Novice: 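Have a look at this one.
Note that the structure is predicted; figures quoted are calculated from it, not measured. Atom set for the values below is all heavy atoms of this structure, side chains included, hydrogens, waters and symmetry mates excluded.
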Amino acid sequence: MDGKKLEYKGKEAMKEIERLTKNADEVQEGILREILSQNGETEYLKKFIGSKDNKQVSKFKSLVPAVTYEDIQPYILRIANGEDPILISANPITEMLCSSGTSGGEPKLMPSIAQDLDRRTFLYNLIMPIMNQYIPGLDEDVNVEAQVVEECCIAIEEELDYIYRRCRTNDKSIGPLEIRLVKPGTFEALMDLLISQGGSINQYKTPRCIISNDSALQLLNSNVKASYFSPREPSWKASSS
């Protein structure tokens, strides 16, 4: 992938989105042509397309059937057990990712190549300009009124369970809820850090909680631009039982 594409931001990103979507047929055919050129000699594709004459985009749909994961799984397991990745890919398999198993109840192995990281970075760079079309200034360092954030603190505390509200209001064993605002780009930097530590770009999700990763906590703390606390205790009544 062209390194310049990985740096697209703002207007340049929107131009690239326009190019890709305006000429979707052309772009998709180009990608398929590249896939066939690179992977036409893999065991899987040769089973369907056979001769070199069949490595044409126009013939792909009629020769290569739509399949499910279960159809590909035997090839993936063979690679996981040490066979050459030429079974399904002309590029070296750099990692085997494991899905969360939420769609069907069983985790699935997913081979990944080095170029996948560039593709995911490219897609992430295109997300923010689209979101900015609907929420202007989302990626800018905007000022937030303290009252708004404090009201968020109150709303969150009111929705927490009975035990929390009792400890906060009656026992005084829990302090007021705190919301910290971080500088723009902080969560992108967090993603880069966690991926550099071995996380998978294809499976990455912003963590809900960080307990033991000192470098991640240091990154977040160093980018805090403001802190707000709940200005009052949540409602609580002693149980009548």
Novice: Quick one: pull up CG in Leu193 and CD in Glu188 and give me the separation to the nearest 0.5 Å.
Specialist: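 Here the rounded value is 13.5 Å.
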Novice: Between Pro85 and Pro92, what is the shortest heavy-atom contact and its length?
Specialist: CG-CA, 4.3 Å
Novice: So how far is it from Leu217 CG to Ile211 CD1, rounded to the nearest 0.5 Å?
Specialist: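 Here the rounded value is 9.5 Å.
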Novice: First locate atom CD of Gln73, then atom CG of Leu109, and finally report the distance between them rounded to the nearest 0.5 Å.
Specialist: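 So the CD of Gln73 and the CG of Leu109 are separated by 8.0 Å.
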Novice: Are Pro65 and Phe48 side-chain neighbours, meaning at least one heavy-atom pair lies under 4.5 Å?
Specialist: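 Touching, per the 4.5 Å side-chain cut-off.
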Novice: Taking all atoms of both residues into account, what is the closest heavy-atom pair of Pro176 and Ser230, and its distance?
Specialist: CB-O, 3.7 Å
Novice: Near Gln147 CD, under 6.0 Å, is it more than 12 heavy atoms from other residues, nucleotides or ligands?
Specialist: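 No, the 6.0 Å shell around CD holds no more than 12 heavy atoms from other groups.
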Novice: For the backbone of Leu77 and the side chain of Asn81, can you confirm whether one donor and one acceptor N or O come within less than 3.5 Å of each other?
Specialist: yes
Novice: Pairs under 3.5 angstrom only: tabulate donor-acceptor contacts from the side chains of residues 27-38 to other protein residues two or more places apart or in another chain.
Specialist:
from: Glu34; atom 1: OE2; to: Gln38; atom 2: NE2; distance (Å): 3.4

Novice: Output yes when a side-chain donor or acceptor of Asp116 lies under 3.5 Å from a complementary backbone atom of Ser112, and no otherwise.
Specialist: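 Such a contact is absent between Asp116 side chain and Ser112 backbone.
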Novice: Give the C-alpha distance, both sets of side-chain angles, the deciding distance and a yes or no for side-chain contact (heavy atoms from CB on, under 4.5 Å) between Arg19 and Glu26.
Specialist: CA-CA 10 Å; Arg19 183 188 73 81; Glu26 180 183 330; over 6 Å; no
Novice: Report yes if some heavy atom in the side chain of Gln197 is under 4.5 Å from a heavy atom in the side chain of Ser215; otherwise report no.
Specialist: yes
Novice: Evaluate side-chain contact (heavy atoms from CB on, under 4.5 Å) for Leu177 paired with Tyr228, printing each intermediate quantity in order.
Specialist: CA-CA 8 Å; Leu177 184 140; Tyr228 301 89; over 6 Å; no
Novice: To the closest 0.5 Å, what do you measure between CD (Glu41) and CD1 (Ile86)?
Specialist: 8.0 Å
Novice: Would you mind listing the cluster partners of Tyr162? Hydrophobic ones only (ILVMFWY), side-chain contacts under 4.5 Å, chaining allowed.
Specialist: Ile163, Trp236
Novice: Can you check whether Met110 reaches Ile76 side chain to side chain, under 4.5 Å on heavy atoms?
Specialist: no
Novice: State, yes or no, whether a side-chain contact exists between Glu43 and Tyr75 at a heavy-atom distance under 4.5 Å.
Specialist: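 SC-SC contact between Glu43 and Tyr75 confirmed.
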Novice: Identify whether the distance between the nearest side-chain nitrogen and carboxylate oxygen of Arg165 and Glu159 falls below 4.0 Å.
Specialist: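 No, this pair does not count.
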Novice: Is Asn39 reaching over with its side chain to a backbone N or O of Thr42, donor-acceptor style, under 3.5 angstrom?
Specialist: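 Not at all, since once roles are kept as given, no pair shorter than 3.5 Å links the two residues.
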Novice: Can a salt bridge be assigned to the pair Arg232 and Glu158 using a cut-off of 4.0 Å between side-chain N and carboxylate O?
Specialist: yes
Novice: So Leu194 and Pro207, do their side chains get closer than 4.5 Å, heavy atoms only?
Specialist: yes
Novice: Are Val182 and Phe229 co-members of a hydrophobic cluster defined by side-chain heavy atoms under 4.5 Å apart?
Specialist: no
Novice: Sub-3.5 Å donor-acceptor pair from the side chain of Asn213 to the main-chain atoms of Ala216, do we have one?
Specialist: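 Here the side-chain-to-backbone pair exists.
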Novice: Do Ile179 and Cys152 have side chains that get closer than 4.5 Å, going by heavy atoms?
Specialist: yes
Novice: Is it the case that the side chain of Ser222 and the backbone of Gln218 share a donor-acceptor pair, with hydrogens and angles ignored and the cut-off at 3.5 Å?
Specialist: yes
Novice: Can you tell if the side chain of Thr169 reaches within under 4.5 Å of the side chain of Pro234, non-hydrogen atoms only?
Specialist: yes
Novice: Taking atom CG of Leu160 and atom SG of Cys167, what is their separation to the nearest 0.5 Å?
Specialist: 11.5 Å
Novice: Following the transitive rule for hydrophobic clusters with a side-chain heavy-atom cut-off under 4.5 Å over Ile, Leu, Val, Met, Phe, Trp and Tyr, establish whether Val224 and Ile210 coincide in one cluster.
Specialist: yes
Novice: What I want to find out is whether Lys15 reaches Glu18 closely enough, with some N-O distance under 4.0 Å, to be called a salt bridge.
Specialist: no
Novice: Count the heavy atoms belonging to other residues, nucleotides or ligands that lie under 6.0 Å from NZ of Lys237, then report whether that count exceeds 12.
Specialist: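 No.
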Novice: State, with a plain yes or no, whether a side-chain heavy atom of Arg180 is found less than 4.5 Å away from one of Leu220.
Specialist: no
Novice: Around atom NZ of Lys61, are there more than 12 heavy atoms from other residues, nucleotides or ligands closer than 6.0 Å?
Specialist: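 Open: at most 12 neighbouring heavy atoms sit under 6.0 Å from NZ of Lys61.
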Novice: If we ignore angles and hydrogens, is there a donor and acceptor under 3.5 Å between the side chains of Tyr164 and Glu157?
Specialist: yes
Novice: Once you round to the nearest 0.5 Å, how far does CD1 of Ile49 lie from OG of Ser62?
Specialist: 11.0 Å
